[in-house]
Asker: 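Submitted below is the structure of interest, expressed as structure tokens.
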Amino acid sequence: MNGYPDLPTLLETIRLRPALYLSHKTIHGLSLFLSGIAFAENFHGLPAEAFIGGLDFVGFEEWVESRYNPRQLTLHSFSLAAYLAEGEEAGFDLWFKWYDEFTGHRSSAT
């Protein structure tokens, strides 16, 4: 991940140019991409301090759950965004809306 010092920097880059990383704007593609990074970090036995960080994913998932999942569906934030937005591209945008709310971040894409 040379050039991406932390997860927020990588996420902003993906948000601005999703086709470069995911082929198109897709919430499940984003989920798989980020899962692949976590898998590689664990597969290669990186120490936790070497993981790409900068976002409390557990806290984010709990926050999304408490605010946007009143029916308590057994979905993580990516699948919940796709479900509620009724599509891949709209789910991508919804997930990033939640991300911005959680982090207090304003996207340079808006």
Side-chain angles (χ1 to χ4, degrees):
M1 282 287 129
N2 195 10
Y4 302 105
D6 55 33
L7 199 50
T9 302
L10 176 60
L11 286 170
E12 187 61 22
T13 303
I14 293 170
R15 179 199 324 237
L16 294 173
R17 299 185 66 192
L20 184 63
Y21 297 87
L22 311 174
S23 80
H24 63 283
K25 223 184 215 190
T26 164
I27 189 60
H28 286 109
L30 177 62
S31 174
L32 290 171
F33 184 86
L34 297 175
S35 293
I37 291 171
F39 176 82
E41 290 170 335
N42 286 302
F43 180 81
H44 291 287
L46 295 179
E49 62 272 6
F51 286 12
I52 188 169
L55 176 64
D56 174 11
F57 251 107
V58 172
F60 176 71
E61 289 293 329
E62 290 171 352
W63 181 85
V64 168
E65 177 78 21
S66 70
R67 286 187 167 220
Y68 298 106
N69 194 1
R71 293 180 46 207
Q72 298 182 341
L73 302 172
T74 55
L75 302 172
H76 56 65
S77 63
F78 301 101
S79 294
L80 183 63
Y83 174 77
L84 294 176
E86 299 180 347
E88 287 290 314
E89 187 170 328
F92 181 94
D93 293 334
L94 180 58
W95 189 90
F96 272 106
K97 178 181 176 286
W98 295 342
Y99 168 78
D100 289 342
E101 288 177 29
F102 178 75
T103 62
H105 180 258
R106 286 196 48 89
S107 165
S108 56
T110 58

Asker: Does anything in residues 78-90 form a salt bridge (charged side-chain N to carboxylate O under 4.0 Å, His left out)? List the pairs, not counting sequence neighbours.
Answerer: none

Asker: Taking side-chain contact (heavy atoms from CB on, under 4.5 Å) as the test, write out the residues that go with L32, two or more places apart.
Answerer: none

Asker: Calculate, to the nearest 0.5 Å, the distance between atoms CG and OG1 belonging to L55 and T9 respectively.
Answerer: 11.5 Å

Asker: To the nearest 0.5 Å, what is the distance between CD1 on I37 and CG on L7?
Answerer: 7.0 Å

Asker: Considering only residues two or more places apart or on different chains, which pairs with a residue in residues 19-39 satisfy salt bridge (charged side-chain N to carboxylate O under 4.0 Å, His left out)?
Answerer: K25-D93

Asker: Identify the heavy atoms of G29 and L22 that sit nearest to each other, and give their distance.
Answerer: O-CD2, 3.5 Å

Asker: Take T13 and Y21 through the test side-chain contact (heavy atoms from CB on, under 4.5 Å) and record every step on the way to the result.
Answerer: CA-CA 9 Å; T13 303; Y21 297 87; 3.1 Å; yes

Asker: Apply side-chain contact (heavy atoms from CB on, under 4.5 Å) to T103 and F60, showing your working.
Answerer: CA-CA 9 Å; T103 62; F60 176 71; over 6 Å; no

Asker: Looking only at heavy atoms, what is the nearest atom pair of A81 and G91, with distance?
Answerer: CB-O, 3.4 Å

Asker: Do the non-hydrogen side-chain atoms of W95 and V64 ever get within less than 4.5 Å of each other?
Answerer: no

Asker: Between atom CG of L73 and atom OH of Y83, what is the distance when rounded to the nearest 0.5 Å?
Answerer: 5.5 Å

Asker: To the nearest 0.5 Å, what is the distance between CG on L30 and OH on Y99?
Answerer: 11.0 Å

Asker: Could you work out, with ring-ring contact (aromatic ring centres under 6.0 Å, His included) as the rule, every residue matching F39, not counting sequence neighbours?
Answerer: F43

Asker: Please assess L11 against L34 for the test side-chain contact (heavy atoms from CB on, under 4.5 Å), listing each intermediate value before the final yes or no.
Answerer: CA-CA 9 Å; L11 286 170; L34 297 175; 3.9 Å; yes

Asker: Could you identify which residues cluster with V58, counting Ile, Leu, Val, Met, Phe, Trp and Tyr as linked when any side-chain heavy atoms lie under 4.5 Å apart, either directly or through a chain of such contacts?
Answerer: none

Asker: Applying ring-ring contact (aromatic ring centres under 6.0 Å, His included), can you list everything that pairs with H76, at least two apart in sequence or on another chain?
Answerer: F78

Asker: Filter on side chain to side chain donor-acceptor pair (under 3.5 Å), then keep only pairs touching residues 51-64, sequence neighbours left out; what's left?
Answerer: E61-S77

